Amino acid sequence: DTITINQVSYSGSSNPAGLNGLALTTGTLISWSTDTSVTRAGYTLCGTQTATPTATPTAAPTLSPSSAAPTTPSDAYFVLVQSTPTSACETNTAHTCITDGTGEYADNERCTYRVLRPLNIAITEWNTEAG
């Protein structure tokens with residue numbers, strides 16, 4: 001049962017080396033997959049802001065009344081791209097954390113998240129079957 005980021009797989013019952021604080025760029029995909037044996041409590045990973053260089057502020061674009069509202073908050077870090085089964089994975093309301101949900105995860109879960117802006121990973125829960 002693994003989280004895979006940039007072709008590196010992370011698993012096990014304690015925080016895996018190199019994951020906490022890992023810097024990710026916009027567009028990075030994070031995949032979660034489980035097998036058909038042991039299930040555990042799972043994971044919750046949150047995004048924290050990366051240091052950004054000082055830049056000249058620009059005016060925010062003005063949206064016309066007919067513009068569609070965004071489906072994720074403007075300060076979101078993650079979007080759930082795919083989840084099998086549908087309820088296997090989720091983000092929190094603010095889209096700042098990703099998780100397999102409450103309780104133990106199930107067999108044969110497959111999920112993909114996309115990073116929406118530069119971030120560092122902060123592990124808030126980690127307990128998966130070693131891969």
Side-chain angles (χ1 to χ4, degrees):
D1 303 337
T2 60
I3 289 268
T4 304
I5 304 170
N6 294 327
Q7 300 177 344
V8 177
S9 294
Y10 302 92
S11 65
S13 58
S14 61
N15 293 354
L19 183 57
N20 204 41
L22 180 66
L24 301 179
T25 58
T26 302
T28 299
L29 296 178
I30 301 172
S31 299
W32 165 245
S33 63
T34 67
D35 58 20
T36 58
S37 61
V38 177
T39 62
R40 299 211 172 147
Y43 66 91
T44 300
L45 305 177
C46 296
T48 61
Q49 186 172 356
T50 60
T52 55
T54 305
T56 306
T58 58
T62 304
L63 300 177
S64 66
S66 61
S67 295
T71 57
T72 56
S74 62
D75 57 352
Y77 285 114
F78 306 100
V79 64
L80 179 61
V81 176
Q82 177 271 331
S83 180
T84 304
T86 310
S87 61
C89 298
E90 57 192 60
T91 64
N92 64 346
T93 304
H95 293 261
T96 56
C97 297
I98 60 176
T99 182
D100 62 288
T102 58
E104 291 191 353
Y105 55 81
D107 293 335
N108 294 315
E109 291 184 351
R110 302 283 182 270
C111 303
T112 303
Y113 306 92
R114 184 172 37 258
V115 173
L116 298 176
R117 60 191 177 114
L119 61 85
N120 289 21
I121 291 289
I123 300 171
T124 60
E125 177 187 27
W126 188 268
N127 186 357
T128 70
E129 177 188 16

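Every value quoted in this text rests on a predicted model; they were computed, and no experiment measured them. All values below were derived from every heavy atom in this structure, side-chain atoms included, with hydrogens, water molecules and symmetry-related copies excluded.
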Student: Quick one: does any side-chain atom of N120 pair with a main-chain N or O of T48 as donor and acceptor, under 3.5 Å?
Tutor: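 Judged by distance alone, no pair lies under 3.5 Å.
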
Student: To the nearest 0.5 Å, tell me how far Y77 OH sits from T91 OG1.
Tutor: 14.0 Å

Student: Give the C-alpha distance, both sets of side-chain angles, the deciding distance and a yes or no for side-chain contact (heavy atoms from CB on, under 4.5 Å) between T99 and E90.
Tutor: CA-CA 6 Å; T99 182; E90 57 192 60; 3.5 Å; yes

Student: How long is the span from the OG1 atom in T26 to the CG atom in L116, to the nearest 0.5 Å?
Tutor: 8.0 Å

Student: Is a side-chain donor-acceptor pair under 3.5 Å present for T2 with S11?
Tutor: no

Student: Can you find a pair of side-chain heavy atoms, one from P16 and one from I123, that are under 4.5 Å apart?
Tutor: yes

Student: Can you name the closest pair of heavy atoms from F78 and I98 and give their distance?
Tutor: CG-CG2, 3.4 Å

Student: Give, for atom CD of E125 and atom SG of C46, the distance between the pair rounded to the nearest 0.5 Å.
Tutor: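 Answer for the CD-SG pair, E125 versus C46, is 10.5 Å.
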
Student: Which of these, L80, T86, T84, sits in a side-chain contact (heavy atoms from CB on, under 4.5 Å) with Q82?
Tutor: T84

Student: For the residue pair S83 and P85, what are the closest heavy atoms and their distance?
Tutor: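 Taking S83 first and P85 second, the nearest heavy atoms are OG-O, 2.8 Å.
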
Student: Would the distance check show the side chain of N6 and the main-chain N or O of V8 forming a donor-acceptor pair, the cut-off being under 3.5 Å?
Tutor: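 Checked: no pair found.
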
Student: Specify the closest pair of heavy atoms between A76 and H95, including all atoms of both residues, with the distance to one decimal.
Tutor: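 So the two residues come closest at CB-CB, 3.4 Å.
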
Student: When rounded to the nearest 0.5 angstrom, what distance separates CG in L19 from CD1 in I5?
Tutor: 5.0 Å

Student: Do V115 and I30 have side chains that approach each other closer than 4.5 Å (heavy atoms only, starting at C-beta)?
Tutor: yes

Student: Taking the six-membered ring for Trp, are Y10 and W126 closer than 6.0 Å centroid to centroid?
Tutor: no

Student: Between T34 and E109, which heavy-atom pair has the shortest distance, and what is it?
Tutor: OG1-N, 2.7 Å

Student: List in chain and number order the residues that pass side-chain contact (heavy atoms from CB on, under 4.5 Å) with T36, two or more places apart in sequence or in another chain; answer none if no residue qualifies.
Tutor: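 Per chain and number, T36 pairs via side-chain contact (heavy atoms from CB on, under 4.5 Å) with N108.
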
Student: If I compare all heavy atoms of A94 with all of P73, which pair ends up nearest, and what's the gap?
Tutor: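 So the two residues come closest at O-CG, 3.7 Å.
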
Student: Any chance you could measure T28, atom OG1, to Y113, atom OH, to the nearest 0.5 Å?
Tutor: 15.0 Å

Student: Please check if the number of heavy atoms outside R114 that lie under 6.0 Å from its CZ is greater than 12.
Tutor: no

Student: Contact between N127 and S13 at the side-chain level, heavy atoms closer than 4.5 Å - yes or no?
Tutor: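 Sidechains of S13 and N127: in contact.
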
Student: Rounded to the nearest 0.5 Å, what's the gap from OG on S33 to CG on D1? Could you check?
Tutor: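 Here the rounded value is 7.5 Å.
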
Student: If every non-hydrogen atom of C97 is compared with every non-hydrogen atom of T44, which pair is closest and at what distance?
Tutor: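 The pair with the smallest heavy-atom distance is CB-CG2, 4.3 Å.
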
